Protein chains: 2
Amino acid sequence: MTINISTEDKIIDAAKKVFLQQGYSGARMQDIADAAGINKALLHYYFRNKDKLFELIFLQCTQKMIPTINSVFDSDEDIFNKIRQFVSTYIEMLSANPYLPMFIANELSKNPEKVIKMIMTKEGDRPHFNKFIKDIQSAIEQNIIEPIQTVSLFINIMSLCIFPYIAKPMMQFFLKLDELEYRMILEQRKQEVADFIINSIKK
Amino acid sequence: MTINISTEDKIIDAAKKVFLQQGYSGARMQDIADAAGINKALLHYYFRNKDKLFELIFLQCTQKMIPTINSVFDSDEDIFNKIRQFVSTYIEMLSANPYLPMFIANELSKNPEKVIKMIMTKEGDRPHFNKFIKDIQSAIEQNIIEPIQTVSLFINIMSLCIFPYIAKPMMQFFLKLDELEYRMILEQRKQEVADFIINSIKK
DNA sequence: GTCTATATATGGATAGAC
DNA sequence: GTCTATCCATATATAGAC
């Protein structure tokens, strides 16, 4: 049986799909209407214009993952477990939303001011990166891990998690990997990346 | 004194700037004409259409860096020095072309078939990644570095080098870093990243 | 709320004068 | 080679019937 989905939800789902894959400037209102199984006029009836619709989708996407991440940051595991947990939950979430990293990075790089204003205006959860960075700092002071620039380590962790999604076609092309092979590699990375990081920083 | 730059070169320079920052779908022929100090009609006189102009720029950009990279891959340094050299020359080149990673990753992700066809059709140098991967493999067999999936290590190295450029606005936003601070971090990474990698894999 | 038809704006491309 | 003017396709947005 088919559940009755409201037109608004159909539009949101469709818009999410199109915007995430095509980005703002590549997305066509017609494509969104088609994907939602309605016509353009109805799109404008529900969401006045492309900008408004985009803003909704963008904020919804960026907010969605924050609570899960924060629950990791806020836990009182030791630094190694925290890194392990962060890497595996983050990669897990990205595998469920593979277009998200490219989408966000791209919009942010095309139009930094507009996007940042959008985020700042709408209040909501923020990722507790500071908490994470403080934990790293404190682990260094307690002599648990090698001294390293915390900011630099943070960038490394994010790089190792996110880049394989942003550069998927590039990596597939370079390494001649098909869809399945690449997905298996991403799956393995949930452990490998944490090992790689911890190997590097542990005393 | 001002050197006399041919109109064609002015167009190419302008197109490079606009395409790299805006991507294919975000770039406007008008913007390119403006940046070149000419009008649209003249653009079309030199390069029949947007696609042709884009193809030229894209191929020129992707080819430019290959010889330098290959000279590192082809050298007969040991694996640690090779990693150090690759990381530092690669980051050096990216700092000189900070928009390039986002540009390539984005076009590839928006239109993989088209882009790959473009690359395959035009013959030219290819990066010798295989050589690098074989070197890693052989270092593992000789017991010089920890056993690790070579493909995985390769992805890690690329991630650590490239991601900070793709995600520059995101990282700046998260970490509240201004232009100068971020550029300093990138500069430091020429050493730090190699240390980070080698720390992780050395016996 | 949903549609068809249409207005309006934008951007790529061409014609033709100089 | 370079320009102005214009065309035409595409894309966003609105009007108005049902």
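The chains referred to below are lettered A, B, ... by the order of the sequence lines, with proteins before strands, and numbering in each begins at 1. Both backbone and side-chain heavy atoms feed into the values below; hydrogens, waters and symmetry mates do not. The shown structure was predicted, so the numbers you read here are calculated from the model rather than taken from an experiment.
- Across the protein-nucleic acid pair, A/Y46 atom OH and D/dT14 atom P stand 17 Å apart, rounded to whole Å.
- Residue-level contact check: A/A33 touches neither bases nor backbone, having no heavy atom under 4.0 Å from any strand.
- Nucleotide D/dT10 holds its P atom 13 Å from the CG atom of A/D31, rounded to whole Å.
- Inter-residue side-chain proximity for A/R84 and A/D195 is flagged as met; some heavy-atom pair is nearer than 4.5 Å.
- The CG atom of A/L153 lies 6.0 Å from the CD1 atom of A/I145; values are rounded to the nearest 0.5 Å.
- For D/dT14, the OP1/OP2 oxygens have no side-chain nitrogen or oxygen of A/H44 closer than 4.0 Å.
- Applying the salt bridge (charged side-chain N to carboxylate O under 4.0 Å, His left out) test to every pair with at least one member in residues 153-178 of chain A, sequence neighbours left out, gives these pairs: A/K168-A/E179.
- You'll find the side chain of A/L160 stays beyond 4.5 Å of the side chain of B/F163, heavy atoms only.
- Ionic pairing of A/D135 and A/K131 is present here: one or more N-O contacts between side-chain nitrogen and carboxylate oxygen are shorter than 4.0 angstrom.
- To the nearest angstrom, C1' of D/dT14 lies 14 Å from CG of A/L42.
- Taking the six-membered ring wherever Trp is involved, the centroid distance between the rings of A/F19 and A/F103 does not fall below 6.0 Å.
- Atom CD in A/Q30 sits about 17 Å away from atom P in D/dA9, given to the nearest Å.
- Base contact: B/N39 has a heavy atom under 4.0 Å from a base atom.
- Straight-line distance from the CE atom of A/M29 to the C1' atom of D/dA13: 8 Å, rounded to whole Å.
- Between A/A41 and A/Y45, the residue anchored nearer the 5' end of DNA chain C, judged by the nucleotide with its closest heavy atom, is A/Y45.
- Taking every nucleotide of DNA chain C with any atom under 4.0 Å from a non-hydrogen atom of chain A, the first and last of them, 5' to 3', are C/dG1 to C/dT4.
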